[in-house]
Q: 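My questions all concern the structure below.
Model, not experiment: these values are computed from the prediction. Heavy-atom basis, side chains included; hydrogens, waters and symmetry copies ignored.
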Amino acid sequence: MKKISITVGLVSTIATLGALPAAHAQSSVDPSSVTPSSVTLYGLMDAGLVQEGGISKLTSGISAGSRLGLRGTESLGNGLQAVFTLEAGVLSDTGRSDQAGQLFGRQAFVGIDSPLGMLTVGRQYNLQSQALTDVADPFEGGFAGAATNLAGYSATRIDNTVRYTSPEMRGVTATVMYGFGEHTGVAADQRSLGLTLGYVNGPLTLRLARQSRAGEPGKADVNNTILAGNYNFGVATAFAGYGRNTGDGSTMFFGENPYGAAQAPAQSTDSRDAIVGVSVPLGATTLLASYVHKDDRDAANRDARQLAIGATYALSKRSKVYVAYAHIRNRNDAAYMVGNATEVGTGNRAFNVGLRHAF
């Protein structure tokens, strides 16, 4: 991680040099008017081999999406800070942009941080999806074992959002996020509202999150709710989550008919998700396992189950190698597939091995 800083001390030094006898002109920079600021360049590169659907391929972003980002702050005084993040998705196997070619498709926001909380605007993470991957899933939404292969969510990120996060009080934080639909002629189309209540106390992390989105004309609104938690026992960390999903698009089949059913299956509009998992650190190695059950409440009853195992090995603080395998058992022509952090997959089982480096 590379950090570029501009500080009052540096500006003062420049002003002092400008005051030497060789230059009697008054400096145009007033050190007292310059506030401390910093910009951090960061990133992650991930690539590996994926075997799925009878094919083998080199893929980017298996355990987590490859990225290049800039994050900055500027002190405004009185406890206020201006903040921004610009994060671009990168396909490490081809060098192209991820997120359908968007320049800063992962995150792009600006805001103010203060003792009363943080307010940001831009392209930001779906609160319910974030709780699912960050709190309930030992695979953190990546590898073949990603809980998002089955668990419901409407989108990973949402455009045109205003987000407020409260300061932490006795381990409790709250977040609310509103997304402007901005669809011409349909005022309510794609408007969204997200709410999160989180609690952290030592080894315990709990989060209740809900993300709602107005449906397209003639379709029901999309609602995803999850209660997620994990507990670090020292020898292992246990993970669990329970979700409720309703509306068109609350649970997605990413392929129209990937298994060639006689009739293409429809997406579930009413389902429940149950997630349990564990991570076990053994020196530089961490073992991972999870089980996810999709309970479809629609008449078609297209249930599914996923069992996943994996392991990571830390080569250093910033580099690790990994291996993972997952299998989905679909029922009644359900069409769920084993993907990873950036791909939706092509079949009901997959194996991956790869390398991840953060900077």
Side-chain angles (χ1 to χ4, degrees), residues 44 46 62-65 124-153 156-157 165-175 177 194-211 224-245 251 271-295 305-314 317 320 322-326 328 338-341 356 358:
L44 183 149
D46 179 295
I62 299 171
S63 71
Q124 304 179 82
Y125 281 106
N126 173 332
L127 299 182
Q128 180 267 344
S129 173
Q130 201 169 30
L132 169 63
T133 58
D134 293 359
V135 182
D137 185 5
F139 290 91
E140 298 178 341
F143 309 91
T148 50
N149 292 335
L150 289 187
Y153 67 103
T156 303
R157 304 165 185 87
T165 301
S166 74
E168 182 268 334
M169 297 182 61
R170 297 187 178 181
V172 177
T173 57
T175 301
M177 185 171 76
L195 302 167
T196 290
L197 185 65
Y199 177 72
V200 177
N201 185 1
L204 175 66
T205 298
L206 294 172
R207 197 178 300 179
L208 176 64
R210 179 180 176 88
Q211 191 78 47
N224 298 98
T225 306
I226 187 170
L227 176 61
N230 61 65
Y231 192 94
N232 187 344
F233 292 94
V235 295
T237 300
F239 297 79
Y242 184 79
R244 182 177 186 268
N245 317 290
T251 296
S271 68
R272 307 293 183 271
D273 304 320
I275 306 163
V276 292
V278 65
S279 68
V280 182
L282 299 171
T285 301
T286 300
L287 304 179
L288 305 168
S290 71
Y291 173 79
V292 184
H293 179 241
K294 166 70 70 178
D295 179 15
R305 301 174 182 178
Q306 174 179 282
L307 182 64
I309 56 174
T312 67
Y313 181 81
K317 289 184 177 180
K320 65 175 66 175
Y322 56 82
V323 60
Y325 173 81
I328 290 177
V338 177
N340 52 58
R356 167 176 169 169

Q: For Arg272, give me all partners under side-chain hydrogen bond (donor to acceptor under 3.5 Å, both in side chains), at least two apart in sequence or on another chain.
A: Asp270

Q: A quick test of your reading: do over 12 heavy atoms of other residues, nucleotides or ligands sit less than 6.0 Å from CZ of Arg244?
A: no

Q: Tell me yes or no: between the side chains of Ser271 and Thr251, is some donor less than 3.5 Å from an acceptor?
A: yes

Q: Measuring from atom CZ of Phe239 to atom OG of Ser279, what distance do you get when rounded to the nearest 0.5 angstrom?
A: 4.0 Å

Q: Taking the ring centre of each residue, are Tyr322 and Phe143 less than 6.0 Å apart?
A: yes

Q: Is there a donor-acceptor pair closer than 3.5 Å between any side-chain N or O of Glu140 and the backbone N or O of Ser63?
A: no

Q: Show every donor-acceptor pair shorter than 3.5 Å between a side-chain atom in residues 230-238 and any protein atom, with sequence neighbours excluded, or say none if there are none.
A:
residue, atom, partner, partner atom, Å
Asn230, ND2, Val135, O, 3.0
Asn232, OD1, Gly234, N, 2.8

Q: Taking distance alone, no hydrogens or angles, what donor-acceptor pairs closer than 3.5 Å link side-chain atoms of residues 196-205 to residues at least two apart or in another chain?
A:
residue, atom, partner, partner atom, Å
Tyr199, OH, Asn201, ND2, 2.9

Q: Backbone N or O of Gly152 within a donor-acceptor pair of the Gln128 side chain at under 3.5 Å?
A: yes

Q: Distance from Lys294 atom NZ to Arg305 atom CZ, nearest 0.5 Å?
A: 14.5 Å

Q: Is it true that a side-chain atom of Lys320 and a backbone atom of Thr312 form a donor plus acceptor pair closer than 3.5 Å?
A: no

Q: Spell out, as yes or no, whether a donor-acceptor pair under 3.5 Å connects the side chain of Glu168 to the backbone of Arg170.
A: yes

Q: Measuring from atom CZ of Arg210 to atom CD1 of Ile226, what distance do you get when rounded to the nearest 0.5 angstrom?
A: 13.0 Å

Q: Mind checking the CD-OH spacing from Gln130 to Tyr125? Nearest 0.5 Å is all I need.
A: 7.5 Å

Q: Quick one about Thr165 and Thr175 (side-chain donor to acceptor, distance below 3.5 Å, no hydrogens or angles considered), yes or no?
A: yes

Q: Return yes if a side-chain donor-acceptor contact under 3.5 Å exists between Gln211 and Asn224, otherwise no.
A: no

Q: Please identify which of these residues, Ile328, Asp273, Ile275, meets the side chain to side chain contact (heavy atoms under 4.5 Å, CB included) condition with Leu150.
A: Ile328

Q: Rounded to the nearest 0.5 Å, what's the gap from CG on Leu127 to CG on Leu208? Could you check?
A: 11.5 Å

Q: Can you tell me how far OG1 of Thr225 sits from CG of Leu227, rounded to the nearest 0.5 angstrom?
A: 10.5 Å

Q: Counting only N and O atoms by type, is there a donor-acceptor contact under 3.5 Å from the side chain of Asp134 to the main-chain atoms of Ala131?
A: no

